[in-house]
There are 2 protein chains.
Amino acid sequence: MATIKEVAKHAGLSVTTVSRYLNNHPYISDEKKEKIQKAMEALDYTPNAAATQLRSNKSYTIGIIVSRITNPYFSYLIDAIEQVVKPTPYHTLILQTYDDPKEEVRLLDMLKQRTIDGIIMCSIENDISLIKQYKQYGPIVVTGDISLKKSGLPVVATDQEEATYLAIKYLLDKGYTEIGYCTGGIFSKSKHGSSRKNGFIKALNEHHIELNDSRIYNNVHTIDDGFKLGRSILNSPKNEWPEVIFTSSDEVAISLIHTFIEAGVKVPGDIAVMGYDNQPLTSMIQVPLTTVSQPVQAIGEEAVHLLISLLNEESYEVNEDRLMLEIVERKSV
Amino acid sequence: MATIKEVAKHAGLSVTTVSRYLNNHPYISDEKKEKIQKAMEALDYTPNAAATQLRSNKSYTIGIIVSRITNPYFSYLIDAIEQVVKPTPYHTLILQTYDDPKEEVRLLDMLKQRTIDGIIMCSIENDISLIKQYKQYGPIVVTGDISLKKSGLPVVATDQEEATYLAIKYLLDKGYTEIGYCTGGIFSKSKHGSSRKNGFIKALNEHHIELNDSRIYNNVHTIDDGFKLGRSILNSPKNEWPEVIFTSSDEVAISLIHTFIEAGVKVPGDIAVMGYDNQPLTSMIQVPLTTVSQPVQAIGEEAVHLLISLLNEESYEVNEDRLMLEIVERKSV
DNA sequence: ATGAAAGCGCTAACAA
DNA sequence: TTGTTAGCGCTTTCAT
């Protein structure tokens, strides 16, 4: 591969001038510009990214951390982010944790290594205080619940406690009292992401309903997890079934519904299911899904704007009005 | 940030020894090892990735090119790839073209810049001969139809012409003659990916059915594109409707079906729809989708094994037996 | 408007 | 087993 040195020699100029040309500096005569252009083409020159990074200490790369790319909530979020990043000089590096906190740390370390200049965290596995320690190495924007705001990190957040509270209230008002609660994490471990849990508990309390541990389903993330949970519920005595299951993700909701229908169990009727996310296909499944819609597009866009402002040491005011959750009533409840 | 120099000074050793430790070279006494370890911890040292790359001319990064991440075929393919890459020293860089050939070139250029060591192309926008020119900068594995084999590039491929031929024959045998054909590209422009088109034409010819241009739908990629196509068909006179639509992607098939059902049109009955990919949710939609299943997991795994072998200058025999397409009969046809 | 030269943090050939 | 040293390809003072 050709280097800047060879280009300079070919053009009969110094490396400095070529470098200036590369970086759009002023003070280069049009004549030389042309010479350089010609030399670069003749030698099929492309700047070596590592050298540029090493010298300038900028990677122009933004890390996007998600738990899994196959979850449409995340893939659409990433898509929204990429659209905004595209016209900027930045690139995007998509990183999956698969819900593993250790993996998340490994990814945060990339900030230290200068592989990435900044991070957008679309999912969070570790304690927020640990994440905050990495702020010294570059800006980190977190997305999630408004409770993250007190971390002091820049945040693009929705009110998930309130949304969950309203969702559970909606179920209670429909007359359901035996409510199953399905979470991606572990219910009893109160850490981040407990905002949805708090909303759930608040709604139950208001209706003087006691929390029933056997209705809490932990670590349910994927379509497959939904199948497994569905089968295990079907295998339990029918009088122990919840009347409705509130899930943390539409994918789980969809596979639950499918498992029930396949077994001849009516949804709703025998058992109802509520989703979370309002993913693209949720209106087109066997039983159109009642769910909580997340403003994916807005979250992604605001997060990038915020991060890039931080990278440029400018300020940016997140447009909170775009970040509203709402219940989408369809047929599964 | 601490550098290797500071670590060396702190440990009372030379940078060489520290570098050796970092790269697991032999010939370091345990005593020094410990000293280095301590110094690294004390200084919170992490190697600078750009410097390592520049010096060693290896990025340990594999580029994965897809057209769009929101398409489950691609997100599951990426997922399969990441699982195999994870235990290796390599990282993964996911790159979207959004079907834009120019963007694809920009991504291929990353090979030249040494941002990535090798590429897995999950989608292809440019002529294969153009892509082949980049081979000199690093190994490129392409996935797709077996017709790619004659390009001379390393390939992980399925027989899409045969699968499409069988699919169309299946439709013809069911008595459908007015078959709509929905493609992500442009039908008339015969370039790569025309293998499915060839299978389509072959099946029609065998049944002495003439190609009807008005039944060819070009540039239909996304869920939204499916909606638009569905509406435009509904707006045409009913006697001009195709009896069945063969699509290039389940997402398109699903949104077509949804559009039809919403309008009170029966699927199948008034109009049938066949998909391609066998994406995860296809069995759970309103009308379970008849489709062509692709061995996503196997394609991803074989592609990584092949690429990494190439990077290590070893040989690898792709297991072709895993790369079979098959028709999945459900209810939409 | 252009160039010489120092050095970013790391690896590896060579020496000891 | 350890150290000295010369770059990898680029950007950026500081001169002129």
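Here is the naming used below: chain letters follow the sequence lines, and residue numbers restart at 1 for every chain.
Here the P atom of nucleotide D:dG3 and the CZ atom of B:Arg20 are 9 Å apart, to the nearest Å. Regarding B:Tyr21, its OH atom lies at a distance of 13 Å from the P atom of D:dT2, rounded to whole Å. Rounded to whole Å, the distance from CD1 on A:Ile4 to P on D:dC8 is 14 Å. Atom CG of A:Asn24 and atom P of D:dT12 are 13 Å apart (whole Å). Going from atom CG of B:Asn57 over to atom C1' of D:dC10 covers 14 Å, rounded to whole Å. Note: CZ (B:Arg55) to P (D:dT5) measures 16 Å, nearest angstrom.
Near DNA chain D, defined here as any heavy-atom distance below 4.0 Å, there are no residues from residues 105-114 of chain A. Near DNA chain D, meaning a heavy atom under 4.0 Å from it, residues 28-41 of chain B has B:Ile28, B:Ser29, B:Lys32 in order of number.
Of the possible polar contacts, none joining the A:Asp117 side chain to the A:Lys58 backbone as a donor-acceptor pair under 3.5 Å is found.
Axis deviation across the helix from C:dA1-D:dT16 to C:dA16-D:dT1 amounts to 30°, comparing end segments of five pairs, rounded to 10 degrees.
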For residues 297-308 of chain B, please give each side-chain donor-acceptor pair under 3.5 Å, one per line with the distance, not counting sequence neighbours.
{"unit_1": "B:Gln297", "atom_1": "NE2", "unit_2": "B:Glu301", "atom_2": "OE2", "d": "3.0"}
{"unit_1": "B:Glu301", "atom_1": "OE1", "unit_2": "B:Arg322", "atom_2": "NH1", "d": "3.2"}
{"unit_1": "B:Glu301", "atom_1": "OE1", "unit_2": "B:Arg322", "atom_2": "NH2", "d": "2.8"}
{"unit_1": "B:Glu302", "atom_1": "OE1", "unit_2": "B:Tyr316", "atom_2": "OH", "d": "2.9"}
{"unit_1": "B:Glu302", "atom_1": "OE1", "unit_2": "B:Asn319", "atom_2": "N", "d": "3.1"}
{"unit_1": "B:Glu302", "atom_1": "OE2", "unit_2": "B:Arg322", "atom_2": "NH1", "d": "3.0"}

Using a 3.5 Å cut-off and no angle test, enumerate the donor-acceptor pairs between side-chain atoms of residues 30-40 of chain A and protein atoms at least two apart in sequence or in another chain.
{"unit_1": "A:Gln37", "atom_1": "OE1", "unit_2": "A:Tyr21", "atom_2": "OH", "d": "2.4"}
{"unit_1": "A:Gln37", "atom_1": "NE2", "unit_2": "A:Glu41", "atom_2": "OE2", "d": "2.9"}

Query raised in the report: Can you check side-chain hydrogen bond (donor to acceptor under 3.5 Å, both in side chains) on A:Tyr134 and A:Asn126, steps first, answer last?
Result: CA-CA 12 Å; A:Tyr134 283 85; A:Asn126 284 282; over 6 Å; no

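On the nucleic acid side, DNA chain C has its first and last nucleotide under 4.0 Å of a heavy atom of chain A at C:dA1 to C:dG9, going 5' to 3'.
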